[in-house]
Amino acid sequence: MTWEDAGRLGIDEILARLEQYRRDDVRWKDGRVFSLAYFGGDEVMEVADAAYRVFASDNALNLAAFPSLARIQSEVVDIVRRWTGGDEHTAGFMTTGGTESLLLTVKAARERGRAERDIHSPNAVLPASAHAALEKGCHYFGVESRRVPVGDDWRADVDAMAATVDDDTVLVVGSAPSYPQGVIDPIPDLAAIATARGANFHVDACMGGVTLPHLAALGEPTPPWDFSVDGVTSISVDLHKYGYTTKGAGVLIHRDKALRAYQTYLTTNWLGGTYGSSGILGTKGGGAMAAAWAVLHHLGHEGYMDLTRRARGAALRLAAAVEAHPDLSLLARPDTTLVAFAAHDPDRLDVFALADELLAHGWYVDRQSPPPSLHCTVMAGHDETIDGFIADLAECVASAGSNGRAGEAGAYGTIE
Ligand SMILES: Cc1ncc(COP(=O)(O)O)c(C=O)c1O
């Protein structure tokens, strides 16, 4: 039946159909998915959904029309400023998440390089582990991406990075932590390399920006990663990851307003008057912004301490189990809550076949390469399921190792 012939559906029918559409989606609230969606508990979701609904159709394109959203943004950014060791000069905007933050990071670096150093063939020096969205940013904004192999410990290789920057470098990046192997790059050394050239140095803390300050508050030693490090010009922190809020919320924060100014866009070159925007989007729903504000205030410092402690505990339990398994090889001790592992002997165990076995047992993990490996984003809810996962992992290693089947590498994102 075509849409024209279908007539009008009532709300009950609509919700029933959509629920049916979701039948084959991953069930992330059950603690069996180690990727893509973060669950802070039913009450947190309720708060987020309620706030989202109120602001869903409000438009953050014009904050003069929606002073509520201006206030929400400024209060959310202020919380992130404290988490990132900022001061009264630190200034940022909410974004729709990590990718938008990183696109804007590249754009801001390019603009600054052009304005302050007259650079017209800019390059960005990125450890091989830095997130793919930076590659996307370089592609979108005409910046050459210079990828530098990481060291044996999967961290940025400082000497190799130093040897790759030149007078046209506008941006150097370090991650806290990197997505693929979950380790924190040597931020102070990388920042010094960028500073020596007058380039921006961005810390991609999309994954760790919520976890790290709370880990530190829990008394765990954390390597330097924030604005307390000289030369860090900007930091990205995602709230829709370990902030446990609705999708579409992150923050890109700069050391000062002058650096932030390179992120924004303003034109009068059309027939509609002055058009300005802080981010990539024009019209921007207020829902995710309000949900982020609501969840931050609902959880409070204590709530994040608890979620961080639980996620970290589960991650360490998983890492220890992987390390103890004779057929698996832990890529790195997790600096936060990301655990990545490979096969000890790839000729005997295909990790993608292992991922297939895990999926058949109801567990969803990410597949990545190079090297062929599996990746678990461990969250608070996993503290209740991790022991079951560890038991099934051992069973699945045994069956994947003996059945001789090859698995599919899969993809991190899709284009269809
Ligand atoms: C370190 C890091 N940076 C950036 C991103 C991109 O974030 P998003 O998918 O929210 O756009 C991710 C996503 O996992 C990430 O792990």
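Ligands are counted one by one from 1 in listed order, and the atoms in each one are counted from 1 as well.
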Heavy-atom contacts with [X] under 4.0 Å: which atoms of ligand 1 show up? List them by number with element.
X	value
Lys241	5 (C), 6 (C), 7 (O), 8 (P), 9 (O), 10 (O), 12 (C), 13 (C), 14 (O)
Cys206	2 (C), 3 (N), 4 (C)
Met207	14 (O), 16 (O)
Asp238	7 (O), 10 (O)
Gly98	6 (C), 7 (O), 8 (P), 10 (O), 11 (O)
Tyr179	14 (O), 16 (O)

Q) Side chains of Thr105 and Ser234: is there a donor and an acceptor less than 3.5 Å apart? A) no

Q | Under 3.5 Å side-chain donor-acceptor pair for Asn59 and Thr283 | A | yes

Q: Using side-chain hydrogen bond (donor to acceptor under 3.5 Å, both in side chains) as the criterion, point out the one residue from Thr308, Thr337, Thr211 that pairs with Tyr242.
A: Thr337

Q | Within reach of ligand 1, part of Thr99 (heavy-atom separation under 4.0 Å) | A | both

Q) Excluding sequence neighbours, so at least two apart, what forms salt bridge (charged side-chain N to carboxylate O under 4.0 Å, His left out) with Asp166? A) Arg146

Protein heavy-atom partner closest to [atom] - residue, atom, separation in Å:
atom	answer
atom 6 (C) of ligand 1	His131 CE1, 3.5 Å
atom 14 (O) of ligand 1	Tyr412 OH, 2.9 Å
atom 3 (N) of ligand 1	Asp204 OD2, 2.7 Å

(Q) Can you confirm, on distance only, whether ligand 1 has an N/O atom lying under 3.5 Å from any N/O atom belonging to His240? (A) yes

(Q) For ligand 1, which is the ligand I care about here, please tell me if Ser178 has any N or O atom under 3.5 Å from one of the ligand's N or O atoms. (A) no

Q. Taking it one step at a time, do Leu126 and Glu135 satisfy side-chain contact (heavy atoms from CB on, under 4.5 Å)?
A. CA-CA 9 Å; Leu126 311 171; Glu135 204 64 29; 4.1 Å; yes

**Q.** Any Lys247 heavy atom less than 4.0 Å from ligand 1
**A.** no

Q | Residues forming a ring-ring contact (aromatic ring centres under 6.0 Å, His included) with Tyr262, sequence neighbours excluded | A | none

Q) Between Phe55 and Trp293, is the ring centre distance below 6.0 Å? A) no

Q) Under a 4.0 Å N-O cut-off, is there an ion pair linking Arg333 with Glu323? A) no

Q) Of the non-hydrogen atoms in Lys284 and Leu281, which two are nearest, and what is the gap between them? A) CG-CD1, 4.2 Å

